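This structure is a prediction, so every number in the text was calculated from the model and none was measured.
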Amino acid sequence: MASSAAPPASPLSRSHGNAAGVGGSATAMMLPGPPGRGNGGCIDLSPAGLLAHGAGSSVVVTDPRSMQLLCVLPMPSASVASFVTAVRWAPPAAPSSLAGDDDDSRPLRLAAGDRHGRIAVWDARARAVLCWLNLDEVRSVAPGSGGGVQDLCWVHHAAGWLLASIHGPSLLCIWETSNNPRVLWMFDAAPEYLSCVRRDPFDARHLCAIGLRGFLLSAIVRHDSDISLQEHRVTCGAGDVTELQRLEKEMAAPAPAPALAAFPLFAARLCFSPLWRQILFVTFPRELIVFDLSYSTALSVAPLPRGFGKFSDVMADPDLDLLYCTHTDGKLSIWRRKEGEQVHLLCAMEELMPSIGTVVPPPAVLAATIWQSESIFRNIDKQCQDLAQTQSSHSFTTDTNSDQNVCQGTMTYLTSISEDGKIWSWLLTFDKSAHPKKANLGANLRGHSIINAIIYPTVKPTNVSISVTNIGKEPGGGNNPAPAVPLVALGTQNGTIEVVDVVANAVSVSFSVHSSTVRGLRWLGNSRLVSFSYNQANDKTGGYSNKLVITCLRSGLNRAFRVLQKPERAPIRALRASSSGRYLLILFRDAPVEVWAMTKNPMMLRSLALPFTVLEWTLPAAPRPGQNASSKQSSTSKDRSSEASGAENSDETCESFAFALVNGALGVFEVHGRRIRDFRPKWPSSSFASSDGLVTAMAYRLPHVVMGDRSGNIRWWDVTTGLSSSFSTHREGIRRIKFSPVVHGDRSRGRIAVLFYDNTFSIFDLDSPDPLANALLQPQSPGTLVLELDWLSTRTKKDEPLVLCIAGADSSFRLIELLHGEFVELYAEYNLSYMLEHAKENANIDAKGSSVSKPVAMKERFRPMPFCLPVLFPTAHALLGVKPSWFECNNSDKLGRDSFKVAPAFGDLRSYMIETTLPPIGDTVVAELLLKVLEPYRKEGCILDDGRARLYSAIVNKGTYARFAFAAAIFGDVQEALFWLQLPQALRHFLDKSTTRSREKISQSNLHPDPEQGSSLNRISSRERTASGKLIKNAVNYGQLSSMAFKQEQLWFNANERIPWHDKLDGEEALQKRVHELVSLGNLETAVSLLLSTPPEGSNFYPNALRAVVLSSAVSQSLHELAVKVVAANMVRTDKSLSGTHLLCAVGRYQEACSQLQDAGCWNDAATLAASHLHGSDYARVLQRWADYVLRGEQNMWRALILYVAAGALPEALDTLRKNQRPDTAAMFLLACHEIYSQIAVESEPAEDTPGSEPTPEQTEKLRFPSKNVADEDLIAVSEVFGQYQQKLVHLCMDTEPSAD
């Protein structure tokens, strides 16, 4: 197995871009901020293993296996950005033709809704919006007046996948998202508050929505776009009802607000059982309810355990009868189903927020999800391990403890997101040693790694500072290693400092520094940070307790200085550090400014009691060209430390800072060692006092000082010559002015970036005769308000572009290139989600110089480990067999920085193909060409990680079906993977049960007999069936595989397991459904007893009595006489439509009864009845008709295929693959059938056969298809079409170049 990829089309060539306007490059380097309660805990994990969740106004896509950020998809808005409140991955769609020129034919679709009521359908692979769905535009109302999006769900239709959404408090909509996006259907459930909508895993057309008051809506999308509705009522507890009534009275949100906005702490959630049809698990804040849709009633109610917070969500294990419930206090409760009942008992509890290493109180857990994708790989591994046992014995397992055996040694992965912005990866392991009363399984929850990966800054950073340093980045690592890396420091509300590696696009290190909000921070050189916080004193004297801390990035130590015993009168307002980090200015509110020398032991040099408004240090001089030559060479940390300490001990360089006073007066002070003196600049000839006397912003780079006032005027002044000039921007007041970096020898005034109080910015060229006319205005970024800006000082040559750092109110941090006088590319974004106060001194961006010889190439990302996500490849294709050694990758295989630009030369790769005796199919040369296409990805380790590679090594020799299932699971197509896993058993079932054998297949006559034929299931009496209720499912077909059950034992067991669930249900409707289940199972005695228990005054007494008499005649004479005595002479009244089925069963006409059930749409009941009474060709006909319905009615091709195979309708299965344009799957289907059929033939041969009976080479290369209704010409046609498909694929892959993330 392998995956082939062709590079995507250029993002700039797309017609549908994102808000940034530059396609994928804008969001590929965006670091998200932490999610909040405003996001409603929206999270979704795709079957391919991609995690998406809402964080502020963006959708974050991550790889939970490697704990790395993939991309961020911002929701563009013309107004203020809105919270993302719902995300949902679209199921994999059927592949289309390869004739397209780009990757639009196979988008990786992700739907996201926000609080404004808009829904964006993204292509996560291309990072572009495919279409917008806006209900307010459809209804012609004001934007946002219809309410936000509460939840999303994809539902299947004959034309493809439709999107269901909950808008506002009570509106359920279904959208067409493909060619002509529009709303197809709407349903208003007012006055109910709809909270959650989910899709049925057994029927992709079916969805259910739950309301906060217990209203349950069941909807099925029909073939003709008609919607079939059923309304149910889930009775919630009195405590929840009372609390909801109280919250409605106290509701502060506007009227059309969805449930998550109106009641953020009151949640109702549901999920379908992946193991049992028509079973729902519903949680209200204080109850866990198991609801049966077929009976429209609750089977069990479990109250909230003592000591737990309220229920917030419920998840079902895809393979085990376990439920995972999250609680508002961060706990995870694990519930196990009681044997024989639909009652769940609490078996284990774990904390999703560790008590060690977190603040008090700990951050809240916002959302959690289990990894459904890991379940299919667990099934593949288990299926291959049990294959030998399955082949040697087809008997029915009767071990009553096998449920524990199945659970023993299994693992479930879980991902949670906490309010402090961290993603946690957990691993649940189950063993058999736990106490039965606690778990019966022993659920142990532990972190996926020793230190869970943190890919976000913590909650709401308050300050930003940028510098360039070479700490911890030695040459030789990453895609494009560099000796210096830009770092971003973030101060947060909980007192921590996060240091973000710009190149790695991740949090590099986190320091816990303060016990309260970090009010400001500055870099001291490139290895130290100084930060401050303050708290108001609680005593009667008042005042403030100021705290200043120096943090060393090399050692990780925090050291406080200026420690006072008593509170001070004034809090610290801001910090200003000199460019070298030697000096620090501490600004207070209404108190003198202190000047400190930041030596090993910081000491105060002087206190300046002047009414300053702004102070700014002079910027560093441009580096000489010779200073950067050594940066290309590798140096040790010790050398760098000695150089840094040597620079700190030098007092030869003096530094100066400019200032403005309240009255508009200006000045420059010079600091030389421990002395502070007046610089005595040359004053301009004309008066330079501001008209309003208040300077609000200043920038200083020798010899120029630039100032801005609150009237929007900008003035510059040369302190050495006295030259000056001014101009008006005709804008509001100026908040920040930043000089652009210059190169060595440049004496021009250069450009300045100006930030205004209206949160917009402009760039002016001070060397221009008319700076205002040549100004560069802010690029169009709808919904983005700029809070801070600065220049990234990595420019060393005059022809290199300038890079401007932008901190926006939409919680983003962007890098904008300025080249040839215009904004050319927004090539990196980092969403930092910080909360900057509007006070001009509270938050800042501080850009430091760089020692690198050229700017850091942002497109060459440094990653601790590669992304192993073949689903992101633009063109995917599964090879027929690759040796596991092909995935082995060592350091010598790593390619250079140009590996994805220049096609390297490869040797003969045919040695990596598996040597097989299977007949050739398709073009054999294509496989080697595809390997060449994949070689750069393989050498980068981007195809399979170590765990997936080990699993592939274990199953590679188990047969083609195992490799095909593995390939489907890699790309997230769970239904296809289950089809391949069930194919061997379905084919064996067909061959074992077939009554007509071909004479030329002599080996089939010696197959070991199936134990079922000796004592046919349809001959077991009702009492024997009841006694065998202890039977459990075969361990090979547990979990998700049970959804594709076809064997009589499996279908009968699934139906028999449900019988005890409804024993305590009352009512005539429940009685009729129970009788129907019992008759389908063949348990006529219990059905007769149940019918005779109808009270005489009941309206259905006579129809029940009539059926009881007829059914009793098929059991025994004594029971028949008893029934006749009960009914006496009172007979006749019209019965329901299913009564005819029961009468047919009473006289043994099971085939007609199955047909009647199928005509009535009761397909599962017909299958159960057939499994109980039919065998051979009669049973096969029922299966084949069922398959026709599944294919055309439910649109589930994979489940229909397995039923076709089990029924022996192999031509229909092959024809289905042809009509669905799947030439590759058809070819793989032929190979798998050939291999399985040949293996069965070999097993059935007598042991004394002579070697001369072995097939000839010509016979070996010929496909052996176990159906005489398929001609050899049809098989050859499949091979030829597959060859044409391969040729198109390889041309598409070879003609374009691969692309790196």
Side-chain angles (χ1 to χ4, degrees), residues 359-361 458-465 489-498 511-524 528-551 557-578 581 583-598 601-617 657 659-662 676 694 696 735-736 787-788 834-846:
V359 296
V360 179
T458 54
V459 107
K460 301 193 189 314
T462 57
N463 292 274
V464 181
S465 181
L490 304 172
T492 68
Q493 283 189 338
N494 60 2
T496 63
I497 295 178
E498 311 286 350
F511 300 99
S512 180
V513 181
H514 299 270
S515 58
S516 59
T517 301
V518 179
R519 305 285 179 173
L521 75 165
R522 289 281 169 169
W523 287 94
L524 299 176
R528 294 191 302 166
L529 283 164
V530 58
S531 59
F532 78 92
S533 64
Y534 62 82
N535 293 310
Q536 194 166 5
N538 296 324
D539 54 9
K540 297 181 180 180
T541 60
Y544 296 87
S545 299
N546 295 311
K547 182 179 180 181
L548 285 155
V549 180
I550 298 175
T551 302
L557 298 178
N558 297 319
R559 183 180 181 184
F561 70 100
R562 195 185 177 278
V563 180
L564 302 179
Q565 300 298 326
K566 296 182 179 180
E568 300 179 80
R569 180 177 60 86
I572 298 177
R573 178 161 59 102
L575 301 177
R576 291 290 183 267
S578 64
Y583 305 106
L584 179 70
L585 299 176
I586 305 176
L587 285 70
F588 295 85
R589 293 180 186 173
D590 303 325
V593 174
E594 297 180 0
V595 184
W596 284 72
M598 303 307 291
N601 295 311
M603 59 181 178
M604 188 175 73
L605 303 180
R606 188 174 175 180
S607 178
L608 305 176
L610 293 174
F612 297 105
T613 58
V614 291
L615 298 94
E616 292 292 341
W617 290 95
F657 62 89
F659 61 87
L661 302 180
V662 175
I676 302 177
L694 183 62
T696 56
R735 179 182 298 174
R736 291 283 185 274
L787 297 185
E788 289 296 336
Y834 52 86
M835 182 182 294
L836 293 170
E837 296 184 7
H838 291 287
K840 64 181 179 181
E841 300 293 347
N842 188 54
N844 48 73
I845 300 181
D846 185 20

Asn546 and Leu564: side chain to side chain contact (heavy atoms under 4.5 Å, CB included), yes or no, with the steps? CA-CA 8 Å; Asn546 295 311; Leu564 302 179; over 6 Å; no
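With sequence neighbours excluded, no residue satisfies ring pair (Phe, Tyr, Trp, His ring centres under 6.0 Å) with Phe588. With sequence neighbours left out, Thr551 forms a side-chain hydrogen bond (donor to acceptor under 3.5 Å, both in side chains) with Asn558. In this view, Trp596 and Glu594 satisfy the side-chain hydrogen bond (donor to acceptor under 3.5 Å, both in side chains) rule, not counting sequence neighbours. Ser515 meets the side-chain hydrogen bond (donor to acceptor under 3.5 Å, both in side chains) test with no other residue; sequence neighbours excluded. Applying the ring pair (Phe, Tyr, Trp, His ring centres under 6.0 Å) criterion to Phe511, with sequence neighbours excluded, gives no partner residue. Here Arg559 pairs with nothing under the salt bridge (charged side-chain N to carboxylate O under 4.0 Å, His left out) rule; sequence neighbours left out.
In plain terms, the two heavy atoms of Arg528 and Gly581 that are nearest each other are NH2-O, 4.0 Å. Listed here is the closest heavy atom pair of Pro592 and Ala609: CB-CA, 3.9 Å. Between Val518 and Ser531, the closest heavy-atom pair is CG1-CB, 4.2 Å. Nearest heavy-atom pair across Ala597 and Tyr583 is CA-CD2, 4.3 Å. Smallest separation of non-hydrogen atoms from Ser512 and Thr496: CA-CG2, 4.0 Å. The minimum heavy-atom distance between Arg569 and Asp590, with the atom names listed, is NH2-O, 2.9 Å.
A distance of 7.5 Å separates CZ of Arg562 from CE of Met604, quoted to the nearest 0.5 Å. Rounding to the nearest 0.5 angstrom, the gap separating the OG atom in Ser545 from the CD atom in Gln565 is 10.5 Å. Between Leu529 atom CG and Ile550 atom CD1 the span is 10.5 Å, to the nearest 0.5 Å.
A tilted orientation is assigned to the rings of Phe657 and Phe659, their planes being inclined by 30° to 60°.
You'll find the side chain of Tyr544 stays beyond 4.5 Å of the side chain of Asn535, heavy atoms only. A 4.5 Å side-chain heavy-atom check between Arg576 and Val593 finds every atom pair outside the cut-off. You'll find the side chain of Val595 reaches within 4.5 Å of the side chain of Leu585, heavy atoms only. With a 4.5 Å cut-off on side-chain heavy atoms, Leu548 and Ile572 count as touching. Counting heavy atoms from C-beta outward, Ile586 and Leu575 have side chains that approach closer than 4.5 Å.
Under the side chain to side chain contact (heavy atoms under 4.5 Å, CB included) rule, Phe561 has a single partner from Leu584, Val549, Asn601, which is Leu584.
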